[in-house]
Amino acid sequence: MAEHTNNPNSTARDHLYPAFLKLDGKACVIVGGGKVARRKAESLMACGARVSVVSPEADEQIAEWHGRGLLDWRKKRFEAADLKGALLVFAATDSAEENRAVADTARAQGALV
């Protein structure tokens with residue numbers, strides 16, 4: 001077992017626990033519809049996740065994937081209920097305030113952010 005060092009300048013945020021997630025069939029939600037959301041959706045779909053995108057507007061590729069039935073695009077503004085049952089949530093909007101609200105809501109519901 002690795003020895004823990006007590007660095008007075010470090011915080012719990014400095015110590016990350018690496019994790020691999022089996023996402024096959026798991027609900028994952030991306031709030032936002034731009035380039036970042038597109039990249040996240042693509043990687044999640046490649047892992048077999050059930051992907052939902054919540055955004056009034058979306059990247060052309062996201063719209064195409066939705067049209068092909070590869071992901072769910074909820075064409076609306078974010079609400080807490082959008083995260084119900086999600087294992088993993090990404091906040092990918094252009095608004096720091098909205099991203100913070102998404103992250104806080106996801107954590108409160110027990111999702112990974």
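With hydrophobic clusters built from ILVMFWY side chains whose heavy atoms lie under 4.5 angstrom apart, Leu88 shares a cluster with Val53. Residues Leu44 and Leu112 share a hydrophobic cluster, clusters being chains of Ile/Leu/Val/Met/Phe/Trp/Tyr side chains in contact below 4.5 Å. No continuous path of hydrophobic side-chain contacts links Val102 to Val36 [ILVMFWY only; heavy atoms under 4.5 Å].
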Counting only pairs under 3.5 Å, give me each side-chain donor-acceptor contact of residues 69-84, with atom names and distances, residues two or more places apart or in other chains.
unit_1 : atom_1 : unit_2 : atom_2 : d
Asp72  : OD2    : Arg74  : NE     : 3.0
Trp73  : NE1    : Ser55  : O      : 2.8
Arg74  : NH1    : Asp82  : O      : 2.9
Arg74  : NH2    : Ser52  : OG     : 3.2
Lys76  : NZ     : Glu79  : OE2    : 3.4
Lys76  : NZ     : Asp82  : OD1    : 3.0
Lys76  : NZ     : Asp82  : OD2    : 2.8
Asp82  : OD2    : Glu79  : N      : 2.7

Would you tabulate the side-chain donor-acceptor contacts of residues 19-33 under 3.5 Å, counting partners in other chains and residues two or more places apart, or write 'none'?
none

List the atom pairs, donor and acceptor, that lie under 3.5 Å between side-chain atoms in residues 90-98 and the rest of the protein, sequence neighbours left out.
unit_1 : atom_1 : unit_2 : atom_2 : d
Thr93  : OG1    : Ser95  : N      : 3.1
Thr93  : OG1    : Ser95  : O      : 3.1
Thr93  : OG1    : Asn99  : OD1    : 2.7
Ser95  : OG     : Glu97  : N      : 3.4
Ser95  : OG     : Glu98  : N      : 3.0

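Between Gly34 and Ile62, the closest heavy-atom pair is O-CD1, 4.1 Å.
Sorted by first and then second residue, the salt bridge (charged side-chain N to carboxylate O under 4.0 Å, His left out) pairs involving residues 31-56 (not counting sequence neighbours) are Arg38-Asp59.
Scanning for side-chain contact (heavy atoms from CB on, under 4.5 Å) contacts around Ala101 gives an empty result, with sequence neighbours left out. Checked against side-chain hydrogen bond (donor to acceptor under 3.5 Å, both in side chains), Glu64 has the following partners two or more places apart in sequence or in another chain: Arg68.
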